[in-house]
Visitor: 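First the structure, which I've put down as structure tokens, then a few questions once you've had a look.
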Amino acid sequence: FACSPDKKSLVKCDTDGWKVVRSCLGPDACSASGHRVSCDDSVQPPDAACEKEGAAACSTDGKAILECKGGKFTKSRACPGACKIAGSLISCE
């Protein structure tokens with residue numbers, strides 16, 4: 001695993017080359033230190049692929065909370081102000 005050059009994706013090397021595993025669009029983007037690679041996936045576009053059922057993210061436009069359902073992020077709640085990320089907590093302002 002590694003970060004893409006623009007730090008917006010987590011990528012994995014396989015037999016066909018580098019493949020995007022997931023977007024890292026949160027404030028901490030993608031970072032690598034030693035053998036550890038971290039991906040801030042707290043911001044995602046609607047319909048983006050996801051793995052953990054029930055996981056939450058802010059939409060890329062900041063106007064909704066998304067929830068992972070059936071392998072895709074779907075709109076769970078509109079945010080009248082903006083979607084807020086505080087550590088692992090996703091909420092509306």
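Sequential numbering from 1 along the given sequence is applied to the chain's residues.
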Visitor: Would you indicate whether Cys92 and Cys83 have their SG atoms under 2.5 Å apart?
Guide: no

Visitor: Any idea which heavy atoms bring Ser31 and Cys3 closest together, and the distance?
Guide: N-SG, 3.3 Å

Visitor: Find out if a path of hydrophobic residues (ILVMFWY) with successive side-chain heavy-atom gaps under 4.5 Å connects Ile65 to Leu25.
Guide: yes

Visitor: Between Glu67 and Ser76, which heavy-atom pair has the shortest distance, and what is it?
Guide: OE1-OG, 3.6 Å

Visitor: To the nearest 0.5 Å, how far apart are SG in Cys30 and CZ in Phe1?
Guide: 11.0 Å

Visitor: Say you draw a straight line from OG1 of Thr74 to CG of Leu66; how long is it, rounded to the nearest 0.5 Å?
Guide: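 Separation between the atoms: 7.0 Å.
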
Visitor: To the nearest 0.5 Å, how far apart are CG in Asp41 and CG in Asp28?
Guide: 11.0 Å

Visitor: Same hydrophobic cluster for Ile90 and Val43, using side-chain heavy-atom links shorter than 4.5 Å among ILVMFWY?
Guide: yes

Visitor: Do other residues, nucleotides or ligands put more than 12 heavy atoms under 6.0 Å from Glu51 CD?
Guide: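 No.
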
Visitor: Between Val37 and Leu10, is the side-chain contact (heavy atoms from CB on, under 4.5 Å) condition met? List the steps.
Guide: CA-CA 8 Å; Val37 180; Leu10 176 68; 3.3 Å; yes

Visitor: So, for Phe73 and Ala57, which heavy atoms are closest and what is the spacing to 0.1 Å?
Guide: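 Heavy atoms only, the tightest pair is CE2-CB, 3.9 Å.
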
Visitor: Using only the SG atoms, decide whether Cys39 and Cys24 are less than 2.5 Å apart.
Guide: yes

Visitor: Could you pull out the closest heavy-atom pair between Asp14 and Asp16, with the gap in Å?
Guide: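 Reported closest heavy-atom pair: OD1-N, 2.9 Å.
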
Visitor: Looking at side-chain heavy atoms only, is the closest gap between Gln44 and Ser59 below 4.5 Å?
Guide: no

Visitor: What pair of heavy atoms forms the shortest contact from Ser9 to Asp6, and how long is it?
Guide: N-OD1, 4.2 Å

Visitor: When rounded to the nearest 0.5 angstrom, what distance separates NZ in Lys84 from SG in Cys79?
Guide: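 Result: 11.5 Å between the selected atoms.
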
Visitor: Are there over 12 heavy-atom neighbours, none belonging to Lys12, within less than 6.0 Å of that residue's NZ?
Guide: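 Open.
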
Visitor: Minimum heavy-atom separation for Ser42 and Pro27, please, with both atom names.
Guide: OG-CD, 3.7 Å

Visitor: Do Cys68 and Cys50 have their SG atoms less than 2.5 Å apart?
Guide: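 Yes, the SG atoms sit under 2.5 Å apart.
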
